[in-house]
Amino acid sequence: MNQQQQCAILTQLADVLEARQLADPDTSYVARLYAKGLDAILKKIGEEATETVMAAKDNDNDKIIYEIADLWFHCLILLAARGLHPDAVLIELERRFGMSGIAEKAARSQ
Ligand SMILES: N=c1c2ncn([C@@H]3O[C@H](COP(=O)(O)OP(=O)(O)OP(=O)(O)O)[C@@H](O)[C@H]3O)c2ncn1[C@@H]1O[C@H](COP(=O)(O)O)[C@@H](O)[C@H]1O
């Protein structure tokens, strides 16, 4: 997967999560979570973080990937619920890491 595809997944998912703010809770998991409120979203993030830790303690790489996908997914829901876009997080990571670091890593992975 190239960098463009990685960003497209985040952006498209963020768009879907934003649109789900107006969706029917009866037909959408995400709309149901929004309807339950911020505490329910935070509870899911806590659960998924704990499940990630347990997967790592079990040395189960497949489970680590699965649980981190759940964790990121629910963090994206939190961002959308707060009116934030994942770009803001990517910009913060870029600020810390620096563009030179990203270029270096990309070169190393080729
Ligand atoms: N990517 C995801 C996704 N990842 C994880 N999950 C859900 O997150 C939950 C993870 O919680 P758990 O592992 O605790 O499983 P669970 O016991 O079923 O969860 P609970 O019912 O207890 O909350 C599961 O219900 C998963 O189905 C997701 N649900 C939806 N999507 C995508 O998000 C978009 C919007 O989804 P809807 O709002 O359902 O249309 C669609 O494109 C979906 O494909």
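All heavy atoms count here, side chains included; hydrogens, waters and symmetry mates do not. For ligands, and for the atoms within them, numbers begin at 1 and follow the listed sequence.
Contact record, Leu17 with Ala80: CB-CB, 4.2 Å, taken as the closest heavy-atom pair. When every heavy atom of Ala31 is checked against every heavy atom of Ala23, the shortest pair comes out as CB-O, 3.6 Å. Asp70 and Glu48 make their closest contact through CB-OE1, 3.4 Å (heavy atoms, listed as atom of the first residue, atom of the second, distance).
The 12-atom threshold is exceeded at CD of Glu51, counting heavy atoms of other residues, nucleotides or ligands nearer than 6.0 Å. A 6.0 Å sphere centred on OH of Tyr66 holds no more than 12 heavy atoms belonging to other residues, nucleotides or ligands.
Counting only heavy atoms, the protein gets under 4.0 Å from atom 40 (O) of ligand 1. Protein heavy atoms are absent from the 4.0 Å sphere centred on atom 18 (O) of ligand 1. For atom 26 (C) of ligand 1, the nearest protein heavy atom lies 4.0 Å or farther away.
Residue Arg20 has at least one nitrogen or oxygen atom sitting less than 3.5 Å from a nitrogen or oxygen atom of ligand 1, judged on distance alone. Taking distance alone, with nitrogen or oxygen atoms compared against 3.5 Å, Lys44 approaches ligand 1 more closely than that limit. Geometrically, ligand 1 and Val30 share a nitrogen or oxygen pair separated by less than 3.5 Å.
Distance from atom 34 (C) of ligand 1 to its nearest protein heavy atom, with residue and atom name: Val16 CG1, 3.8 Å. What sits closest to atom 13 (O) of ligand 1 on the protein, heavy atoms only, is Asp70 OD2, 3.4 Å. The protein non-hydrogen atom at the shortest distance from atom 8 (O) of ligand 1 is His74 CE1, 3.3 Å. Atom 2 (C) of ligand 1 has as its closest protein heavy atom Phe73 CE1, 3.2 Å. Looking only at heavy atoms of the protein, atom 38 (O) of ligand 1 is closest to Ser28 OG, 2.4 Å.
Below 4.0 Å from some heavy atom of Glu48 lie the following atoms of ligand 1, by number and element: 10 (C), 11 (O), 12 (P), 13 (O), 14 (O).
You'll find the side chain of Met1 reaches within 4.5 Å of the side chain of Ile9, heavy atoms only. Inter-residue side-chain proximity for Cys75 and Ile45 is flagged as met; some heavy-atom pair is nearer than 4.5 Å.
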Practice prompt. Just do the side chain to side chain contact (heavy atoms under 4.5 Å, CB included) check on Leu10 and Asp87 with the steps written out, would you?
Written response: CA-CA 9 Å; Leu10 273 186; Asp87 274 359; over 6 Å; no
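When heavy-atom distances to ligand 1 are checked against a 4.0 Å cut-off, Tyr29 comes that close through both its backbone and its side chain.
Proximity of Arg32 to ligand 1 is not established, as no heavy-atom distance is less than 4.0 Å.
In this pair, Phe73 and Tyr29 present their aromatic rings parallel. The plane angle is below 30°, not in the 30 to 60° band.
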